There are 4 protein chains.
Amino acid sequence: MASSPSPPRLRDADKSQLTILTAALDEFSQFGFAGARVDRIAEQAGVNKRLIYYYFGNKDDLFLAVLERTYADIRAAEQALHLDAMDPVEAVRQLVSFTWHYYLEHPEFITLLNSENLHQAVHLKQSARIQEMNSPLVQLLADVLDRGRQQGLFRDGVDPIQLYISIASICYFYLSNNATLSAIFGRDLKAPKALAQRLSHMTEMVLGYVLR
Amino acid sequence: MASSPSPPRLRDADKSQLTILTAALDEFSQFGFAGARVDRIAEQAGVNKRLIYYYFGNKDDLFLAVLERTYADIRAAEQALHLDAMDPVEAVRQLVSFTWHYYLEHPEFITLLNSENLHQAVHLKQSARIQEMNSPLVQLLADVLDRGRQQGLFRDGVDPIQLYISIASICYFYLSNNATLSAIFGRDLKAPKALAQRLSHMTEMVLGYVLR
Amino acid sequence: MASSPSPPRLRDADKSQLTILTAALDEFSQFGFAGARVDRIAEQAGVNKRLIYYYFGNKDDLFLAVLERTYADIRAAEQALHLDAMDPVEAVRQLVSFTWHYYLEHPEFITLLNSENLHQAVHLKQSARIQEMNSPLVQLLADVLDRGRQQGLFRDGVDPIQLYISIASICYFYLSNNATLSAIFGRDLKAPKALAQRLSHMTEMVLGYVLR
Amino acid sequence: MASSPSPPRLRDADKSQLTILTAALDEFSQFGFAGARVDRIAEQAGVNKRLIYYYFGNKDDLFLAVLERTYADIRAAEQALHLDAMDPVEAVRQLVSFTWHYYLEHPEFITLLNSENLHQAVHLKQSARIQEMNSPLVQLLADVLDRGRQQGLFRDGVDPIQLYISIASICYFYLSNNATLSAIFGRDLKAPKALAQRLSHMTEMVLGYVLR
DNA sequence: CATGAATGAGGTTTCATTCAT
DNA sequence: GATGAATGAAACCTCATTCAT
């Protein structure tokens, strides 16, 4: 039996890269691109600052790497959602619920996207990888809407892209702007009860719209 | 009468403050709080940097001043919208349209809010002024919903706060995340036609929900 | 008698700039552009490092400022040399002597030029000021050569630019490459006697060439 | 015979060393000692950076190795020049021409020497090898001058070392300072015509000096 | 013989802020 | 009310070099 061809220590490189990426994700999502500090990322990752540049080139490229991973994560989660196996009404319900819970459990997704949008998507535009990662949900939603219409349940003329964006909107905005909304309305909009009410409202609204 | 009671000098001070505030609004909305540069604000305002500190204390306080003005502006615009004079369906239609166009024409409102939310609304929380400036639209919307229900047009059980947030959501998110959405979908979602389609979809969706 | 319109303290700015420039001249001439350290310049000038960027923008621009000053200095020294008032032979002798002594007493001129040439004159090319500062000596030398020829002393067909460059060459190279030459020849070519012999040889060579 | 006494592996080592040396020569001559980057040398040589340290110790020693090779190269070229077989006038002409063309075709020689002189020949001083490599041309030039004098062609009292340095000067300076000279005179002094004129002038000047 | 991973020190530059008038 | 001069701290990034295999 020969010794394994790839020495076991070699994986430290991957590990270091992953540690850096995780720390960077944390930092960027907490402070945005401009507010993030490479020093803090290095410290939190427990690696030398120089190593970050060794692996990722510079702050911008590191941000892009984080962004790509974030998108890969949500796309993977979306893959696990099998809308095609559900009846139309249930599928819409599940889509709203999934979107809501994903954003709720991944606040970093929201802050990263906000930061990227502030900078007019400069990083994302130069990423070939992300542009290939179109969400499968748009197509799945189109199918669901078709089925619902054929069953005489859903209304005509609903644009799946618009609806997809609207569903994302109502989930995303409530969470991304939670701090200012809470301050203005003078209540804690992240209290468990408030969250439950929100999900209930959103589901009702979307179904109220698509159902005949 | 020779000399006016309020000396013209005072005007200059007001003017300087206003110039600074306008420049700061521009800078903060372009780069976010962390990315904004006091130097650039001074340069664009055409005043000495020191003057900014003289009038506004520091960068944080300046940001708060900008935020307060921004909220004051939108509240003023909202005041001009007389939903109570319209029939319920038209009122809902107008509310969506107003929200949409206000965000569209005031992109700085969006970026400022995003920046503030990234920092958990630290500035806003310490502002008594803003917290008093509750939007009048929530109450007006509540009235509209009541009227619509009484006329047998609208469904029961629609929470005006939730609906208000949802209307804001669908307008805001489409614009705030326009850059990443455009990149991912591979189209220009700010093209005039796309904007018109969006407004049409949103109106349909909200009405589709509230109407019986 | 009114008080002077320009407050006396204002000149501190000029003084700081000059101190920085002098320190930079020293540093760049000692270590070349790449080897020079902004930190050391600040330290030697006794000013905050930030001030260097406040006044000069960046390292490249600072280098250019030094270069411009250096050229201004030598041009000023050249102005003081009145070749037109001398007989042709004496004028040539003086030109060689002046060039030699200027380089000898301004070693920084040599190292700065070497550094700039290493980088293909990138700084100099973007300087409008320097390109206007053509050396007056070329024209003066042309006149001297003309007069010498008319007096039947000098040979025909001597190109003043070529001769000017050659005179500069024999003075400059001996000094700029003194260290390696000394090492190779195993003698101290900067010893007073060696310097005197060099000047004597150069004068002889140039005169030997131009004289009929 | 199966295996050669000198194993082929050794060849690889030599080859690696040579590749590194060539890449280093290129880098140092382009950027000077301080501006040169060990990373770039490794990249251009196509070898691991560690290998450079394995073979050459450190950046300074690598520079010295480059310098030694450069001197060895020019000495070898000088060896091929047989001034003793020519008549004196032709010999002087050839010496100027050789020097000129060698510098012209080996710009790296110039930049390396400039870099070394900037640092007061620190590397060269500690190299026993280079100091032994005295140029054979000085002695050959002395012989030529003697022969010319004996034939009644050349003047008395010409110091061969001084003349050797002067010939080097007029060739070297024109090329080493070409960038700044071109910038100041506003012409391209490296254009083919300009180069031909320069050689012609130099030959004329040296001969004009040594001939009676 | 050769290499990918890793680093401490230090490089240029930028930042919000204050000093002195 | 207004300003040019000045700064300490810290930002991003780079460098020659070494570690561990």
Side-chain angles (χ1 to χ4, degrees), chain A residues 7-17 20 34-42 46-60 62, chain B residues 7 9-17 34-42 47-55 57-60 62, chain C residues 7-17 20 34-42 46-60 62, chain D residues 7 9-17 34-42 47-55 57-60 62:
Chain A
R9 271 278 146 174
L10 246 176
R11 301 215 50 117
D12 276 358
D14 289 2
K15 196 179 136 199
S16 290
Q17 269 177 272
I20 291 170
R37 298 290 167 248
V38 176
D39 271 321
R40 275 197 300 246
I41 295 173
V47 304
N48 186 283
K49 199 184 3 173
R50 181 64 186 78
L51 203 59
I52 294 176
Y53 293 92
Y54 181 68
Y55 282 123
F56 294 95
N58 58 29
K59 196 184 177 184
D60 282 272
L62 177 58
Chain B
R9 288 280 167 75
L10 249 176
R11 290 269 160 73
D12 283 5
D14 285 4
K15 198 177 135 202
S16 285
Q17 263 179 279
R37 298 292 166 250
V38 176
D39 271 303
R40 275 196 301 247
I41 294 173
V47 304
N48 187 278
K49 207 177 3 170
R50 187 66 189 76
L51 204 59
I52 295 177
Y53 289 91
Y54 182 76
Y55 280 127
N58 60 24
K59 195 185 178 184
D60 282 271
L62 177 58
Chain C
R9 271 276 148 177
L10 248 178
R11 300 214 51 115
D12 275 357
D14 289 3
K15 195 178 136 200
S16 290
Q17 267 176 275
I20 292 170
R37 298 290 165 250
V38 176
D39 270 321
R40 275 197 300 246
I41 294 173
V47 303
N48 186 284
K49 200 180 7 169
R50 182 64 186 79
L51 203 58
I52 294 177
Y53 291 91
Y54 180 68
Y55 281 123
F56 293 95
N58 59 26
K59 196 185 178 184
D60 281 271
L62 178 58
Chain D
R9 288 280 170 73
L10 251 178
R11 289 272 160 69
D12 283 5
D14 285 3
K15 198 178 132 202
S16 283
Q17 264 179 280
R37 298 292 166 247
V38 176
D39 272 301
R40 276 195 300 246
I41 294 173
V47 304
N48 187 279
K49 207 178 1 171
R50 188 66 190 79
L51 205 57
I52 294 177
Y53 290 92
Y54 181 76
Y55 281 128
N58 61 24
K59 194 185 179 185
D60 282 272
L62 177 58

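Chain A is the first sequence line, chain B the second, and so forth, proteins listed ahead of strands; every chain is numbered from 1. This is a predicted model, so every value here is computed, not measured.
- Looking at the side chain of Asp39(B), the nearest of the listed nucleotides dT12(E), dT7(E), dA16(E) is dA16(E).
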Writing each nucleotide of DNA chain F 5' to 3' as (, ), [, ], | or . by Watson-Crick or G-U pairing under 3.5 Å yields .||||||||||||||||||||

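- Mapping Leu51(C) and Ala34(A) onto DNA chain F via the closest heavy atom, the residue that lands nearer the 5' end is Leu51(C).
- Side-chain proximity of Tyr53(B) to dC15(E), dC12(F), dT18(E): nearest is dT18(E).
- dA5(F) atom P lies 8 Å from atom CD of Gln17(C), rounded to whole Å.
- Nucleotides dA20(F) and dC1(E) have their C1' atoms positioned 16 Å apart, rounded to a whole Å.
- The phosphate of dA6(E) has neither OP1 nor OP2 within less than 4.0 Å of any side-chain N or O from Tyr54(A).
- Here Arg50(B) does not reach the OP1 or OP2 of dT3(F): none of its side-chain N or O atoms lies under 4.0 Å away.
- Under the 4.5 Å side-chain criterion, counting only non-hydrogen atoms from C-beta, Tyr53(C) is not in contact with Leu62(C).
- Formation of a donor-acceptor pair under 3.5 Å by the Lys59(D) side chain with backbone atoms of Ala36(D) is found in this model.
- DNA chain F is contacted by both Lys49(C) and Gly57(A); Lys49(C) maps to the nucleotide lying nearer its 5′ end (nearest heavy atom per residue).
- Of the listed nucleotides (dG8(F), dA16(E), dT3(E)), dT3(E) has the atom at the smallest distance from the side chain of Asn48(D).
- Among the protein residues, Ala36(B) comes within range of the sugar-phosphate backbone only, with heavy atoms under 4.0 Å from sugar or phosphate atoms but none that close to a base.
- Checking Gly46(A) against Arg40(B), the closest nucleotide of DNA chain E that is more toward the 5' end is the one next to Gly46(A).
- Contact between the side-chain N/O atoms of Ser16(D) and the OP1/OP2 oxygens of dC1(E) is not found at any separation under 4.0 Å.
- Note: Arg50(C) CZ to Tyr55(C) OH = 11.5 Å, rounded to the nearest 0.5 Å.
- A sub-4.0 Å separation between OP1 or OP2 of dG4(F) and a side-chain N or O of Tyr55(C) is absent.
- Between Phe56(A) atom CZ and dT14(F) atom C1' there is a gap of 18 Å when expressed in whole angstrom units.
- At the heavy-atom level, Asn58(A) lies under 4.0 Å from the strands shown only through sugar-phosphate atoms.
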